[in-house]
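Remarks on the structure that follows.
Each chain gets a letter, A, B and so on, in the order its sequence line appears, and its residues count up from 1.
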Number of protein chains: 2
Amino acid sequence: MRRFNRSYTQRIGALEDSFLGVGLPLGAARLLYEIGIAPASAQALRTRLGLDSGYLSRLLRRLEDEGLVAVVPDPRDRRRRRVDLTAAGRRRWEQLERRSDERARLLVEPLSPRQRERLVAALAEADLLVRAATVQIDQVNPGSPAARKAVGYYFAELNRRFGFDAAGEADKDAVALSPPTGVFLVASSDGEPVACGGVQTIGPGIGELKRMWVHGGWRGAGLGSRLLRRLEAAAAGLGHTIARLDTNEALTEAIAMYQHAGYRRVPRYNDNPWATHFFEKPLDGPAERPDGGA
Amino acid sequence: MRRFNRSYTQRIGALEDSFLGVGLPLGAARLLYEIGIAPASAQALRTRLGLDSGYLSRLLRRLEDEGLVAVVPDPRDRRRRRVDLTAAGRRRWEQLERRSDERARLLVEPLSPRQRERLVAALAEADLLVRAATVQIDQVNPGSPAARKAVGYYFAELNRRFGFDAAGEADKDAVALSPPTGVFLVASSDGEPVACGGVQTIGPGIGELKRMWVHGGWRGAGLGSRLLRRLEAAAAGLGHTIARLDTNEALTEAIAMYQHAGYRRVPRYNDNPWATHFFEKPLDGPAERPDGGA
DNA sequence: GCGCTTGTCTGACTATGGTCAGATAACCGT
DNA sequence: ACGGTTATCTGACCATAGTCAGACAAGCGC
């Protein structure tokens with residue numbers, strides 16, 4: 001892995017160089033590129049690129065002076081400034097895009113089509129795994145925007161898969177999945193939720209896992225089992241010794257994962273009309289090392 | 001590929017950061033690291049890192065002042081300065097190493113062992129292909145150091161595989177594989193020869209491919225066929241319409257490659273005691289586009 | 001309306017990375 | 001010994017990247 005880093009960055013350092021040669025220093029070019037991907041408020045850009053507010057202000061000024069971006073106050077909060085590309089800025093952005101593409105094309109040019117496919121496949125695999133490794137799992141309030149977004153995706157998928165109707169469900173969660181008797185976790189990558197799940201208390205020593213979901217594009221990266229381990233640790237942290245969950249027979253991957261993780265089928269323990277399968281697993285207690293932190 | 005670059009460098013930019021936090025600016029740390037891998041002359045470092053001579057001089061001075069490197073004049077040419085780490089520099093270098101390792105370890109920590117294997121395999125594959133794509137093929141004099149080194153590897157391998165004795169062979173090459181009647185190509189990566197091959201004239205319109213070799217660690221990256229195409233183009237450039245070559249039955253991969261490239265077996269056309277198989281292929285002439293440049 | 005917070009901007013400052021034009025000394029061929 | 005070349009060093013110079021403290025205006029809770 002270290003070896004790869006070395007040889008790759010050495011050869012692809014060229015990638016960064018491609019930001020040069022358009023008459024902008026690297027910092028300004030990165031900013032321009034970021035704005036081009038998605039116009040945003042100055043503050044959003046600051047967090048996305050990790051810049052100092054003063055520094056960003058100056059960079060923006062520079063881009064504005066060159067006529068590449070337009071900065072206007074946000075009508076809803078006039079402290080904020082919204083930034084977008086001008087027509088000239090968009091042209092410059094496309095120039096950056098073309099240069100980067102050109103670089104990539106030149107690099108793979110000596111390879112045969114077969115080899116290019118192999119390279120693309122290898123990079124895609126590495127990309128998925130690296131992204132998966134850097135997914136961040138946070139405990140959040142079930143009413144928070146991040147949680148609502150994740151659960152929204154979850155409900156949408158249930159609806160697609162077996163016609164689930166989400167009416168009123170979210171409100172119950174807000175209480176049940178909050179401390180002190182519940183927990184809600186959201187896993188996110190680049191600020192987008194990619195998985196979520198919660199624990200609620202349904203009896204003395206009994207926790208129920210709820211709203212467990214993994215984004216479709218992220219299956220097969222071990223995210224589900226990682227989240228499951230974290231939820232079990234959270235349940236143990238709430239003092240539970242048994243974890244239960246219900247699910248629908250349509251969710252075959254999820255069921256396979258539960259069984260692989262040591263869950264055994266049990267008889268129906270609630271009256272959830274959408275549930276067809278019920279599982280249970282004894283918890284080891286909080287002594288066990290949970291997940292490794294990330 | 002672009003996508004990978006973006007997400008990877010974003011997350012692994014951390015790698016570069018690991019050069020920080022040891023009290024050295026990035027440039028100095030890179031230099032220190034490079035020296036630690038292999039002590040060298042100032043000039044060699046300059047080309048390896050692509051630095052300005054003045055800049056390098058100052059960086060070296062700085063490292064010397066901090067007692068991390070020792071700079072001594074080369075006894076054979078006192079204009080040159082040889083650079084090596086001091087004991088303190090070696091310790092600092094190991095600190096860099098440990099930090100980088102630690103970074104890598106932290107990154108893959110959330111992954112399961114199975115996934116780590118997948119990541120390592122994917123990166124190794126990508127590494128090989130990217131290295132292969134950036135291999136540089138140059139025409140050199142068969143007497144040049146690069147050529148001698150490559151042919152040395154070649155003879156060593158022949159010796160291992162079927163007891164070949166190289167006595168006197170190199171001297172013949174020096175004339176036969178030089179212009180105007182011959183050509184010699186060396187493919188190198190990071191300054192190390194990884195493949196070579198030459199063309200000599202053995203009759204009117206007939207070129208013979210000689211000394212064709214690909215480094216063991218580079219098989220399966222398409223380097224052989226790329227070099228072969230270049231050699232055929234070179235032979236066509238010399239005015240030949242037929243390419244011939246002899247080889248030993250022990251070199252099974254090479255034989256497979258020749259056949260795949262359109263070579264057909266012909267009867268023995270010389271008295272080379274080491275050769276057991278003989279091949280020939282008509283050349284299309286120099287009109288055809290050779291290799292794509294690299 | 002008042003105080004606090006948030007979002008942005010400005011000025012002042014620093015170190016780094018990098019370039020360029022000589023200066024100097026050692027080597028090389030003749 | 002001489003002129004040219006090579007390897008390095010030095011001084012002068014510049015833009016970039018980044019930090020920090022404070023100014024200022026707009027929102028927010030009460």
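Atom P of nucleotide dG18(D) and atom CG of Leu26(B) are separated by 11 Å, given to the nearest angstrom. dC9(D) atom P lies 11 Å from atom CG of Leu45(B), rounded to whole Å. Look at CZ on Arg81(A): it is 8 Å from P on dT8(C), rounded to the nearest Å. Between the C1' atom of dT5(C) and the CG atom of Asp77(A) lies a distance of 12 Å, rounded to the nearest Å. In this structure, CZ of Arg78(B) is placed 15 Å from C1' of dT6(D), rounded to the nearest angstrom. To the nearest angstrom, P of dT8(C) lies 11 Å from CZ of Arg82(A). To the nearest angstrom, P of dG18(C) lies 10 Å from CG of Leu49(B).
Listed for the Arg48(A) side chain is a donor-acceptor partner under 3.5 Å among the backbone atoms of Glu34(A). The main-chain N or O of Thr201(B) is never found under 3.5 Å from a side-chain atom of Thr181(B) such that the two would form a donor-acceptor pair.
Between Trp218(A) and Val135(A) the shortest heavy-atom distance is CZ3-CG2, 3.6 Å. Closest non-hydrogen pair, Pro193(B) versus Val186(B), comes out as CB-CG1, 4.1 Å. A pairwise comparison of heavy atoms in Leu227(A) and Ala195(A) identifies CD2-CB, 4.0 Å as the closest pair.
Within residues 66-74 of chain A, no residue is approached by DNA chain D to less than 4.0 Å at the level of any non-hydrogen atom. Across residues 51-64 of chain A, Ser53(A), Gly54(A), Ser57(A), Arg58(A), Arg61(A) each have a non-hydrogen atom less than 4.0 Å from an atom of DNA chain C (numbered order).
Between Tyr153(A) and His215(A), the ring-plane angle classifies as perpendicular under the 30° and 60° cut-offs.
The structure places CG of Leu45(A) at 8.5 Å from CG of Leu51(A), a figure rounded to the nearest 0.5 Å.
The base of dT8(D) has none of its N or O atoms less than 3.5 Å from a complementary donor or acceptor on the side chain of Arg79(B).
The salt bridge (charged side-chain N to carboxylate O under 4.0 Å, His left out) pairs that include a residue from residues 73-91 of chain A are Asp74(A)-Arg76(A), Asp77(A)-Arg79(A), where partners are two or more places apart or lie in different chains. Within the structure, no pair that satisfies the salt bridge (charged side-chain N to carboxylate O under 4.0 Å, His left out) test touches residues 52-61 of chain A, not counting sequence neighbours.
In this structure, the nucleotide among dG27(D), dG17(C), dT8(D) sitting nearest to the side chain of Arg80(B) is dT8(D).
Rotation axes derived from the C1' atoms of the five outermost pairs at either end of the helix from dG1(C)-dC30(D) to dT30(C)-dA1(D) lie 30° apart, to the nearest 10°.
Salt-bridge check for Arg99(A) with Glu102(A): failed, with every basic side-chain N at 4.0 Å or more from each acidic carboxylate O.
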Solution key, residues 64-72 of chain B side-chain donor-acceptor pairs under 3.5 Å, sequence neighbours excluded:
| unit_1 | atom_1 | unit_2 | atom_2 | d |
| --- | --- | --- | --- | --- |
| Glu66(B) | OE2 | Arg62(B) | NE | 3.4 |

